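We're numbering straight along the sequence, starting at 1. Please read all numbers here as calculations on a predicted model, not as lab measurements.
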Amino acid sequence: MDLKKLTLVAVLAISQAASAVPAFAEAVNNTSSNTNAVGAAATSVTDVMPEATDPLPPLQTEVPGGVVSPTPTPTPTPITGGTTEPTTTTEPVSTTEPTATPIPTATPEATTQPTPTDGVRAAASNQLVLMMNSNKMYQNGVEYLANQPMAVKNGVSYVSIRAMVERVGVKYIYDYKTKETIVTKGSDVMRFKTDSKIYSVNGKNVTMKGPAYQFKGTFMVPLTSITGALGIPYTVDNVQKRVILTLNTKPKASFTVPTEIYAGEPVNFVTSSSSPNGSAIVDERWDGNKQDVYDTPGVYVVSYSVMDANGQWSDPYSVTINVLKPNTPPVANFTTDKDSYKMGEMITYSDLSSDPDGDQIKVTWTNKAEAFFTPGPATVAIKVEDSHGAISTFEKTINISDEVLYSKEDFYRLFASPGSVFNIDGSMVPTWQKVAYNLSSEPYTLIRSNSPETVNTEGITYKETSFGGTRFLVHHKNNMNIKTKVYVIAKNNNLYPTTITTEYVGFGGPNSYPEGTGKMSVQRYWESMQTRKDYKTTVLQPGESVSILTELNKIAMKPGEIVSLQADLFSDYPIEYNVMMIDANKDPLTTLPTLPILDRDGVHNRGTYADSTRIMTVTDEVGKSPVRLLIGDNSSDLNLIGVDPMNGTEASNAGNFGVLYKIKFENVAPNSLITFNPRGGNYMGPVMVNGQIVHMPTSGSLSSADMNSVIYRTGDYGGAVEILFNAASGSNLPVNFLVTPLPAKK
């Protein structure tokens with residue numbers, strides 16, 4: 001065999017080896033190989049192809065430019081008239097045989113200016129012209145050759161993806177591991193596969209008009225798919241047999257300034273710029289009235305432009321700046337009705353603070369007391385701060401004489417606002433007479449899910465079927481090393497649709513402070529009663545399961561955090577309820593069947609209890625002598641008895657947490673005081689008195705039996721008082737409601 005034949009055989013061997021991968025593909029990782037011998041060249045292509053290891057740009061959740069959406073046939077809208085597919089007659093032959101000398105890329109021809117006899121006019125600077133039935137392309141008046149001509153296959157127009165992306169100026173690679181051609185435009189990622197009609201844009205699949213395919217070592221894709229993926233509008237000129245793509249190659253400029261700008265204050269201009277083809281930004285230009293500090297109030301227009309490495313300037317980006325007059329600090333001031341007071345005498349304050357600009361001001365008092373009980377000078381101060389951080393202070397010293405008008409206890413009994421705290425001799429309270437009441441109940445089934453209170457593993461903390469009025473008390477702590485969520489799943493096991501009506505909901509947490517979550521859940525429970533904002537209905541079809549009371553799982557619980565929930569529901573047929581704590585990233589409905597039922601912790605309570613609305617009606621007149629109403633002691637106020645449905649054992653609701661108490665004093669004497677006195681330890685949480693929420697106390701907590709929080713005070717006329725009480729999770733019982741006569745006013 002002569003040298004000429006040997007050379008031809010070597011060329012054919014190399015060409016066949018090259019057909020194993022797309023000719024346009026740039027590998028994610030390239031490995032150099034020795035091409036001096038035919039065998040070495042073939043092996044480098046077919047036998048030791050490197051795996052793709054380079055990281056891809058981060059995937060985004062939005063398709064680029066708002067142009068591509070995952071519809072079956074994405075087609076960009078032409079700028080002007082014409083058809084969306086060029087009319088050609090060339091059909092490529094389906095073969096994978098490469099040519100002996102395939103064109104590796106689109107390269108400019110020696111003749112750069114098309115002539116009229118070519119049937120082509122020179123392209124504008126922002127246009128790419130593709131010639132039908134030809135591999136010629138024109139950009140900026142320069143002719144380029146694609147490695148394959150535009151072609152039609154099964155009625156779909158195809159172009160070489162490599163030639164397109166090179167001219168557009170975006171990046172591409174070939175991933176040998178996934179067998180995908182990957183095109184990146186900024187942070188947007190597009191992936192194409194041979195013989196597939198599906199490509200993805202930032203992870204979202206889009207269907208093309210036809211499958212991508214290999215032809216003589218060139219990766220061909222439908223024209224509309226690549227223009228759609230890159231957000232390129234185009235028009236079709238069937239007269240001159242060309243497709244005109246309009247390219248946006250200008251860089252983009254923008255900047256931001258603060259929302260409010262005041263004369264005399266520095267202005268921070270924060271610029272932002274980008275180039276659609278990734279070119280570097282090399283210059284910038286400001287036009288208009290840009291100043292680092294504007295000395296005079298008024299309206300100013302500022303424009304910003306940038307230039308890329310190709311010498312193209314962006315369109316100007318303009319912002320109208322409204323410079324306001326300088327901020328004027330607020331003025332702090334107050335007066336008192338007198339300059340000198342007796343001990344225990346009420347002080348009336350008049351806040352005269354203001355802001356010349358009309359801004360909202362924050363007021364902070366120091367040593368402001370309704371009365372002082374120590375003789376001598378007392379200095380009271382006020383600080384006001386406007387929305388710009390400007391501060392003003394004012395203080396006044398008043399004199400307290402050594403004459404006593406009221407003792408501290410008497411003053412608080414007479415004048416302290418609801419939620420205020422004063423001290424008493426708590427050791428005497430158990431000697432007071434207990435008030436007599438008539439006890440009745442309402443048929444609300446209480447589901448108390450509070451054991452295990454500290455949850456150490458994923459699982460079901462409660463499982464029960466309930467019908468009609470159902471009350472939930474959920475209180476759990478996440479003791480896992482992951483973020484978790486608590487769910488209540490309702491399932492309709494009936495043969496007919498069932499409606500759940502959500503009535504009142506109170507949620508607290510997630511928080512690491514158990515008393516705080518309990519206090520907040522009761523507060524929001526009362527607010528829900530006042531406003532009925534949580535009222536809604538949910539219809540469950542037979543066999544359907546849904547997550548309800550979703551306030552529980554809006555925010556994931558960090559390790560060590562606690563959630564508390566108090567809620568009232570009503571269902572017209574029995575509903576199966578599951579309370580569970582799981583990994584915050586898991587789906588509750590699919591996870592529920594896999595979960596175990598967790599054991600009780602042996603300390604806290606769980607159970608199902610009937611008749612959980614307890615009504616205490618006091619018909620006798622109260623307030624003429626000290627009396628008390630004791631709640632949650634399991635003696636005068638017995639625990640509800642129920643069942644733990646998970647193991648079928650009897651359960652006693654210690655403290656009667658979750659029970660709604662309706663305390664009705666039908667006849668409270670004139671000039672009487674009702675207070676709240678803890679007996680079992682630290683307590684914090686609100687009650688609702690005659691429809692108004694009263695915190696016990698307003699701030700802090702009631703930490704001892706010597707502390708008394710004001711709830712309600714009658715005036716010269718007595719009357720009925722209704723108190724709604726629900727023990728706040730995290731606090732302690734028993735507690736007393738005390739009714740005492742007021743001291744005489746002086």
Quiz prompt | Donor-acceptor under 3.5 Å (T714 side chain, N671 main chain) | solution = yes
Exercise. Begin from the C-alpha positions of N708 and T675 and carry the test side chain to side chain donor-acceptor pair (under 3.5 Å) through to its verdict.
Key: CA-CA 6 Å; N708 220 17; T675 58; 3.0 Å; yes
Exercise. Apply the side-chain contact (heavy atoms from CB on, under 4.5 Å) test between V694 and each candidate in V710, V689, I723; give the one that qualifies.
Key: V689
Self-check item: OG1-CG distance between T649 and D644, expressed to the nearest 0.5 angstrom
Solution: 4.5 Å
Quiz item: Between Y504 and W526, is the gap from one ring center to the other below 6.0 Å?
Solution: no
Quiz item: Once the angle between the rings of F676 and F725 is folded into 0 to 90°, is it parallel (under 30°), tilted (30 to 60°) or perpendicular (over 60°)?
Solution: tilted
Exercise. For N682 and S703, test the side chains for any donor-to-acceptor distance below 3.5 angstrom and give the result as yes or no.
Key: no
Practice problem: State whether Y406 and K746 meet the cation-pi test: NZ (Lys) or CZ (Arg) under 6.0 Å from the six-membered ring centroid, and within 45° of the perpendicular axis. | Solution: yes
Quiz item: Side chains of S528 and D534: donor-acceptor distance under 3.5 Å anywhere?
Solution: yes
Quiz item: Salt bridge check: are D637 and R614 linked by an N-O gap of less than 4.0 Å?
Solution: yes
Quiz prompt | S704 side chain to D706 side chain, donor-acceptor N/O pair below 3.5 angstrom | solution = no
Exercise. Start with the C-alpha distance between H476 and N450, add both sets of side-chain angles, then the distance that settles side chain to side chain donor-acceptor pair (under 3.5 Å), and finish with yes or no.
Key: CA-CA 6 Å; H476 292 296; N450 188 207; 5.3 Å; no
Quiz item: Are any of the side-chain nitrogens in D339 or K396 under 4.0 Å away from the carboxylate oxygens of its partner?
Solution: yes
Quiz item: Using a distance-only test with no angle check, is there a side-chain donor-acceptor pair under 3.5 angstrom linking T613 and S441?
Solution: no
Quiz item: With no hydrogens and no angle check, is any side-chain donor or acceptor of D410 less than 3.5 Å from a backbone partner on L414?
Solution: no
Practice problem: Using distance alone, with no hydrogens and no angle criterion, decide if T501 and T537 have a side-chain donor and acceptor under 3.5 Å apart. | Solution: no
Quiz item: Thinking salt bridges, do K533 and E527 make one under a 4.0 Å N-O criterion?
Solution: no
Practice problem: Let me see the working for E515 and K519 under salt bridge (Lys or Arg N to Asp or Glu O under 4.0 Å), right down to the final yes or no. | Solution: CA-CA 6 Å; E515 293 94 333; K519 171 187 175 181; over 6 Å; no
Self-check item: Y577 six-ring face occupied by K491 cation (under 6.0 Å, within 45°)
Solution: no
Quiz item: Between K624 and E621, is there a salt bridge with N-O shorter than 4.0 Å?
Solution: yes
Quiz item: Between D568, L565, V505, which is the residue that forms a side-chain contact (heavy atoms from CB on, under 4.5 Å) with Y525?
Solution: D568
Practice problem: Look up atom CZ in R628 and atom CD in Q433, then write down how far apart they are to the nearest 0.5 Å. | Solution: 10.0 Å
Exercise. Would you confirm whether T461, through its side chain, and S449, through its main-chain N or O, come within 3.5 Å as a donor-acceptor pair?
Key: no
Quiz item: What about the rings of F411 and F373, do their centers lie closer together than 6.0 Å?
Solution: yes
Exercise. Enter the distance from D611:CG to I641:CD1 here, rounded to the nearest 0.5 Å.
Key: 13.0 Å
Practice problem: For the pair N677 (side chain) and S709 (backbone), establish whether a donor and an acceptor sit closer than 3.5 Å, ignoring hydrogens and angles. | Solution: no
